[in-house]
Amino acid sequence: MAGAPLGRIAQHFSGFFDLLSAGGGQTAVGLSIGASSIKLIELKKNGKGWKLLHFGIAQISEDVIVDREIVNAVAVVDTIKTLVAQIKLGNKSVCTSLSGTSLIIKKMTLDVPNMRELQSQVFWEAEQYLPFDVSEVVMDYQVLSRAKDNKTDVLLVAVKKGVLDSYMSCIEDSGLKPKIVDVDFFALQNLYEANYPANPNEAVALVDIGATALKIVVVHAGVPIFTKDTAIGGRNVTAEIQKHLNLSYVDAETLKVGGQGGPVPQEVSDLLHLGAENFAMEIKRALDFYAASSSSAPVSYILLAGGSAKIPELSRLVEESIGLPTQLINPFNSISYDPSIFSQDYLAAIGPMAAIPIGLALRAGAK
Ligand SMILES: Nc1ncnc2c1ncn2[C@@H]1O[C@H](COP(=O)(O)OP(=O)(O)OP(=O)(O)O)[C@@H](O)[C@H]1O
Ligand SMILES: [Mg+2]
């Protein structure tokens, strides 16, 4: 039974599993299809590192992607096409990612005397565990470690075939080639590892807060040891502003992100503060659970990404409620750029939203 999904993995799911070369080349492209916007980034090889070539972001309306599933494929295709034209994308081979409840990530420990049997054991175990019929999913795995007693730690990734297909069709219909499909958690990890010095003694929590999801991955010694995806995000805050100020959703969103110029009204600041407190609480809940259930290294610090991480007080509130140093992630620690094209202010403004797309582009470029 595992044979059928594996064919698909080789085609699409190799960002994580490194089965397929992305074709090298001079540039690397990341495409992130989020609930509120689509981001497209192209990096150019610069010595041993990477340089920012193009970044494009285009908003999509609330009803285009619902519960992380594409509801309006035409709108997604049109938006990607617009972005491709806008940034004059050279390389059509992209790395993209999935997230949400159609995606299952599970660490498994198996007793595998003979590594040749690993795959069938992983898939057999997965069949017992997965909440979906195995014929409906695409699965793959990565070996994390293997002990002398044959205990083998494996990270399983499974995604609903229908959801994967809908993302692939949109990307292909917009004229791009989906060479690699990754997972948002691993894109964050990839971005972190490229931009921050490795310290094998500490674990770090990477948090992306977008429009509809708060994703946490704890990384230790190059391994994503804990992941959690909760369906809360900036859209909840916008909905509160809409309700309290009796505005349209679009006006509430504009007011929230300071798009009207001038100071944000007190009521909006208060609701942003409440939203930030909720996000901090959710991060604390997840990290408390991680601390209670894991024997791995304790988390040393927290890095925040995603558009909602731009709520001004968020880092401070997270730091206060969890008691760990917290900062916005900086994707441009190691990615160079031409300052005459990209100003510091622009990079600071896009940084949180660009984290996952850059992590994806780096994955594309790594092969
Ligand atoms: N300055 C700001 N202050 C507060 N919130 C902001 C600001 N800028 C953007 N946001 C919020 O960030 C969210 C968009 O972030 P992002 O682009 O990371 O999400 P997404 O990838 O579209 O969504 P998801 O990751 O949930 O699929 C929106 O809810 C938006 O209102
Ligand atoms: Mg996102």
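Worth knowing before you read on, the calculation uses all heavy atoms, side chains too, and leaves out hydrogens, waters and symmetry mates. Both counts, for ligands and for their atoms, begin at 1 and track the order of listing. Counting from 1, the numbers follow the sequence of the chain as shown.
For atom 26 (O) of ligand 1, the nearest protein heavy atom (residue, atom name, distance) is Thr212 N, 2.8 Å. Nearest protein heavy-atom neighbour of atom 27 (O) of ligand 1: Ala35 N, 2.8 Å. Looking at atom 4 (C) of ligand 1, its nearest protein heavy atom turns out to be Ile311 CG1, 3.6 Å. Regarding atom 22 (O) of ligand 1, its nearest protein heavy-atom neighbour is Ser36 OG, 2.6 Å.
Residues Ala361 and Leu43 come closest through the heavy atom pair CB-CD1, 3.8 Å. The two residues Ala280 and Ser321 come nearest to each other via the heavy atoms CB-OG, 3.7 Å. Smallest separation of non-hydrogen atoms from Ala276 and Leu317: CB-CD1, 3.5 Å. A pairwise comparison of heavy atoms in Ile60 and Ser37 identifies CG1-N, 3.8 Å as the closest pair.
Heavy-atom separations between Ser37 and ligand 1 include at least one value shorter than 4.0 Å.
Here the shortest heavy-atom distance to atom 15 (O) of ligand 1, taken over Ser99, Gly307, Gly258, belongs to Gly307. When the heavy-atom distances from atom 1 (N) of ligand 1 to Lys310, Lys215, Lys256, Arg68 are ranked, the shortest goes to Lys310. Nearest to atom 19 (O) of ligand 1 by heavy atom, out of Ala211, Gly34, Ser308, is Ala211.
Between Phe123 and Tyr141, the ring planes lie perpendicular to each other; the angle is over 60°, past the 30° to 60° tilted range.
Checked against the 6.0 Å centroid threshold, Tyr337 and Phe342 do not count as a close aromatic pair.
Close approach of ligand 1 to Glu253 (heavy-atom distance below 4.0 Å) involves ligand atoms 28 (C), 30 (C), 31 (O). Near Gly234, with a cut-off below 4.0 Å to any heavy atom, the atoms of ligand 1 are 29 (O).
Atom CG of Leu206 is separated from atom NZ of Lys215 by 13.0 Å, given to the nearest 0.5 angstrom.
If you look at Lys39 next to ligand 1, the close heavy atoms, those under 4.0 Å, all belong to the side chain.
Checked by distance only, ligand 1 and Gly306 stay at 3.5 Å or farther apart across all their nitrogen or oxygen atoms. Every N/O-N/O distance between Met353 and ligand 1 stays at or above 3.5 Å.
Shown here is Asp67, whose CG atom has no more than 12 heavy atoms of other residues, nucleotides or ligands within 6.0 Å.
For the pair Lys228 and Phe289, the cation does not sit on the ring face, since its NZ or CZ is not both under 6.0 Å from the ring centre and inside 45° of the axis.
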